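The structure presented is a predicted model; accordingly, all values stated were derived computationally and were not measured.
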Amino acid sequence: MLRKIWVIAYKDLYITFTDRNLILIMIVTPLALASIIGLAFGGFIGGGGSDVPVQNIPVAVVNLDQGVEFGGSPLNQGQTFVDLLVPQGDPDPENVLHQLTNAVELGTAETARAGVNAGDYSAAIIIPAEFTASITTTQAQTALTPVQIEVYASPAAPVSANIIRSIVESFSNQIAMGSITVASTIGALTERATANPLFGLQFAAAAGGDGFNPDFSAAFSPDAALIRIEQQRVTGETAAFNPLVSFGSAQAVFFMMFTAMAGANNVMEERRAWTLQRQLVTPTPRMVLLLGKMVGTFISCVAQVIILILALTLVGSLIAGELQFIWGTNLFLLALVILCVSLAASGVAALVAGLVRTPEQGNTIGSIISILFGLFSGAFFSVEAVPGANVISRLTVNYWGVEAFNKLSQDQTDIGLNLVVLLILGVVFFSAGLFIFNRRLSV
Amino acid sequence: MQETLVQVRGLSKQFKRDNGETFFAVKDVTLEIRRGEIFSLLGPNGAGKTTTISMISGLLTPTQGDALIGGNSITKNPLAAKKMLGVVPQDIALYPTLSARQNLEFFGKMHGLGGKTLNQAVDEVLDLIDLGDREKDKVDNFSGGMKRRVNIGIGMLHKPQLIYMDEPTVGIDPQNRRRILDTVLRLRDELKMTVLYTSHLMEEVQEISDRVGIIDHGQMIALGTVGELIQKVGEEDRLILKVGEQPVAEPLLRRIESEVATATRAQYERREIANGDSGALAAAEGILTVYATRGRRALPDIIRLANETGVDILSVEVREPDLEAVFLHLTGRALRD
């Protein structure tokens, strides 16, 4: 049985890979695509360029910060951040952050996370209750403690999510820098007063008078060190976001879906040419026939993705001026993702092969599926703002594949769910395709 | 008595039209094919030959009935039945971008052949279909006849006990047709295969078949050796005399029947020939048909009687009893209609 599966797959692969035109398309298309993406986003990669071509990123901000009493007045750094992002009244057209984001303040973390899950927001920024207390030195707390702002991001919007994370990181750095400045200043004064009692007395006298009015809050003020959007360019976040990976992997999976659909269509073409029937009258179970066709399709898909990944790496390296492997360091997981996404695409192809009756139908339905999958997974443009698109995109092979590629490029290895979903999609679609294929042939 | 290789019992296939109406493409076909014979299914286009064969080869599921190949039911034990079967479809079912050898190897592997056995079988078949010198050429570059030969070669590659050939001579030149018919005869005579052959061409069926089943409107209307079938219409020749637009009066027909010793029946038919484009009547052609034993001997008397009654004979054709006549006798229609 395995031998026959391979015989069918090998025959299909031989026909495919000895077709000069097809090979040309398989190589030239990825190279052209990688070049276009490289040219379009060269600024991000090379460090040159322009602002992120994104605006109105939907963001939810939840400020749970309870603040502290500092120098006799309340201090709430969380609120400072809220004020920075959420416009009071109409958005300020001169405020780049207001143009970049469309931020709203919500009351609870649960509401914000649910909003992200539902696709209403690309990310939620959740500031914890102890935020100010942790990063402010007071008489009661003389040491700073680590604190974390949660950025709950939608995997469906990697670009937007990375920009938001970048803004939060910058803000946090600013606050941390201010806190450390204050803490170190107070520490230095205390140490000097301890060492020099005379200075201590002079300092105490000055502090008691009107002449000494330190404004430590300036250290935290965004006005003192503006958080400018220029600082949030993706340029500085090469480890977090690489457009060649994000857009390139989306295009790679998109093109791979077409390869898979061509495999599905090949079943119909063989039926028309009677070579399928000729195989059906051999002592070969129908499942073996379909498996053989899909193994051939699967290998073609793997080859297609690998070629595109190599092409994108080549273009990325040319732009960067040095050899750069942009897909992360975990090659084993990268290979697993390629295999799983190809398997899932082959499963979809098997389903299409079962459903359609003619090559023309196969062409039409296959193209529609490929384009819809690409559309909902953001292969052409961001669909984050489209209501419900985030949910629909999770039904596509593209979403889980592209997200896994993005995570791996950031050296995140939590792609277990992606692999499982892709495997399930592959098995379910293939089983459904086989069932229908069998019924269709049992006339 | 030869052993039975194929048993077909009450095979029927019902299809549904687009309007939801159902119809039987094949109805209650029963037949037996003996080991080592060439059995032909003869019938006009659309008679149900391919549907019958598709059920026997497991491509279509019968609505009723079953077919057993070597005792294996095609519906209950299809893989065992298919092992004994080789198929030559009407369409040229080949991969055009693969060579003749690659096509043969692929289908050989699908039939379970491999290694030296496969190589040897491919060499033998290439020799048999006379394409050994073109084995590495892409099938796409072959002529129609050469493609047909590869098409046939694939069917016989795994040396099946039963080889089914669906109108293998359709659309090819006389030279290649002759070569294919010779190959079919070699399959039976040299390779001892049983051949199930379908065609709508009476002449080739009559030439190669041991037994013939005549199928029309999905039903088997006659079955037997060519001789047995011809006996159904008697041993009479048909003399077909064209008389152009001249009318032939009834008295001439009666005189032929009474005065020509071997003539049993005479009939006159006037065929109107329509203009191809307009459909308007372009000409009329009269045909005088005389049924007679030893027809050639009766011919001088018939011509003499025609001259006596002022009828000029424009052409004469003598047809010996054949399957065409059998079909005409059974259905009232010509096989080519």
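Contacts with chain A were tallied for B:L85, B:I92, B:L98, B:I74; B:L98 has the most, counting heavy-atom pairs under 4.5 Å. Put simply, of B:H111, B:M110, B:M84, the one with the most heavy-atom pairs under 4.5 Å next to chain A is B:M110.
For a residue to count as touching a neighbouring chain, one of its non-hydrogen atoms must lie under 4.5 Å from one of that chain's; by this rule B:Q102 touches chain A with the side chain only. At a 4.5 Å heavy-atom cutoff, the contact between B:S57 and chain A is made by backbone and side-chain atoms alike. Contact annotation for A:Y14: only side-chain heavy atoms (C-beta onward) come within less than 4.5 Å of a heavy atom of chain B. Contacts of B:N77 with chain A are absent, with no heavy-atom separation under 4.5 Å from either backbone or side chain. Neither the backbone nor the side chain of A:L276 comes within less than 4.5 Å of any heavy atom in chain B.
In this structure, B:V170 and B:L201 have side chains that are not in contact, with every pair of non-hydrogen atoms separated by 4.5 Å or more.
Ring centers of A:F376 and A:Y399: at least 6.0 Å apart, outside the cut-off.
Residues B:D166 and B:T50 have side chains that bring a donor and an acceptor to within less than 3.5 angstrom of each other. Side chains of B:T169 and B:E204: a donor-acceptor N/O pair is present below 3.5 angstrom, by distance only. Looking at B:R149 and B:N176, their side chains do bring a donor and an acceptor atom within 3.5 Å of each other.
Aromatic ring pairs are classed by plane angle as parallel below 30°, tilted from 30° to 60° and perpendicular above 60°; the pair B:F107 and B:Y95 is parallel.
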